[in-house]
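Read the structure below first, then the notes.
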Amino acid sequence: MSFVEQIEPMIAGASAFPGGLAEGANLRTPCGPRRVENVRPGDMIVTRTNGLQAVRLVWRRRLSAEALRANPALAPIRLKPRALGPMMPRNDLVVAPDHRVLIPGWRVAGWPDEAQLLVPAAEIAGRSDAAYVDRARDDLTLYQFVFDSPQVLNANGLPVESLSPDAGVIATLALAEREALLRRFPQLTRDPTAYPPTEYRSVTGVDLRVTSP
């Protein structure tokens, strides 16, 4: 299901961006699950708090086996079924180490139960046998999605963030991707901080209460 407006006709291959969902992950759409590699600009995605939202940009980044060996910090995080709770995720989910996952406050020491926190996947790795750094990948293709505002998406049953193109992200983009972004969001030309802020708090260095399923 696609939005009536044509957004960008092609998926852009960005050389660098934060986070990313590995090929094979499924996003929730009004027509059922859709693999990330099959999502196109204009497609409608079910979001956690804002209903159906149209994807504006899709970015893809490929990491070769050589790149992963040269920089082990790029190795993705594999979250096995139930790594964070029942059906969270339903199936194996592979994400970039800096991709943020929405964690309920009752799983984070020192936070109220009702809190909702965005935590980098790397901080979940090693907390249980169901969450670990996957160094067995020969190569990796990551996808990121840009909406009109930051969204939390359902990826294999786990709530994860969309990309927020702030000034730091814009600075990493190649010319073609930067131009595509600024066509879609011309306000960023005048003010690189104009993209709306996320509704959830992002935290690092937290004490996660994650146990084996």
Side-chain angles (χ1 to χ4, degrees), residues 2-23 25 27 36-37 39-63 67 71 73-74 76-77 95-103 115-123 140-155 158-206:
S2 294
F3 192 60
V4 294
E5 178 189 359
Q6 184 175 349
I7 310 302
E8 292 286 343
M10 299 295 290
I11 291 179
S15 58
F17 53 73
L21 305 174
E23 187 172 11
L27 298 184
V36 291
E37 60 267 30
V39 174
R40 297 292 182 268
D43 286 348
M44 304 298 287
I45 303 297
V46 179
T47 66
R48 184 177 179 87
T49 57
N50 296 307
L52 296 179
Q53 295 290 319
V55 176
R56 300 307 188 185
L57 296 168
V58 180
W59 284 337
R60 179 184 62 226
R61 174 164 52 115
R62 291 193 179 98
L63 295 172
N71 190 351
L74 296 177
I77 306 302
V95 301
D98 56 340
H99 200 100
R100 293 182 295 191
V101 175
L102 192 67
I103 303 290
Q116 298 287 323
L117 306 170
L118 288 168
V119 178
E123 297 203 10
L140 183 67
T141 302
L142 296 169
Y143 292 82
Q144 265 287 25
F145 305 93
V146 183
F147 296 81
D148 284 332
S149 60
Q151 302 297 331
V152 170
L153 318 174
N154 183 304
L158 189 68
V160 301
E161 69 171 349
S162 67
L163 179 66
S164 294
D166 59 19
V169 170
I170 294 171
T172 69
L173 298 177
L175 179 61
E177 288 74 53
R178 187 181 301 116
E179 289 179 345
L181 179 69
L182 297 179
R183 282 197 303 272
R184 172 47 52 186
F185 304 102
Q187 67 272 25
L188 296 177
T189 304
R190 301 182 298 273
D191 180 5
T193 67
Y195 190 78
T198 180
E199 62 183 291
Y200 299 103
R201 182 162 181 173
S202 299
V203 296
T204 58
V206 295

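- Scanning all heavy atoms of the two residues, the minimum distance from G42 to A54 falls at O-CB, 4.3 Å.
- The closest side-chain donor-acceptor pair between D148 and Q53, if any, does not fall under 3.5 angstrom.
- Atom OG of S162 and atom NE2 of H99 lie 8.0 Å apart (nearest 0.5 Å).
- Judged by distance alone, with hydrogens and angles left aside, the side-chain atoms of R178 form a donor-acceptor pair with the main-chain N or O of L173 at under 3.5 Å.
- Once rounded to the nearest 0.5 Å, the distance linking OH of Y143 with CZ of R62 reads 6.5 Å.
- With rounding to the nearest 0.5 Å, the separation of CG in L52 from CD1 in I45 is 9.0 Å.
- Two residues are said to be in side-chain contact when any heavy atoms from C-beta on lie closer than 4.5 Å; V55 and F147 meet this criterion.
- In the model, S149 has a side-chain atom that pairs as donor or acceptor with a side-chain atom of Q151 under 3.5 Å.
- The ring-ring contact (aromatic ring centres under 6.0 Å, His included) check on Y200 picks up nothing, with sequence neighbours excluded.
- Here the options are V101, V206, L102, the test is side-chain contact (heavy atoms from CB on, under 4.5 Å), and the partner is V119; only V206 passes.
- A donor-acceptor contact shorter than 3.5 Å links the side chain of R40 to the backbone of E37.
- A distance-only check finds no donor-acceptor pair linking the side chain of N154 to the backbone of L27 [under 3.5 Å].
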Test D166 against Y195 for side chain to side chain contact (heavy atoms under 4.5 Å, CB included), laying out the working first.
CA-CA 7 Å; D166 59 19; Y195 190 78; over 6 Å; no
Side chain to side chain contact (heavy atoms under 4.5 Å, CB included) evaluation trace for R60 with E23:
CA-CA 10 Å; R60 179 184 62 226; E23 187 172 11; over 6 Å; no
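- A heavy-atom distance below 4.5 Å is found between the side chains of L163 and P18.
- With hydrogens and angles left out, the side-chain atoms of E199 and T49 include a donor and acceptor closer than 3.5 Å.
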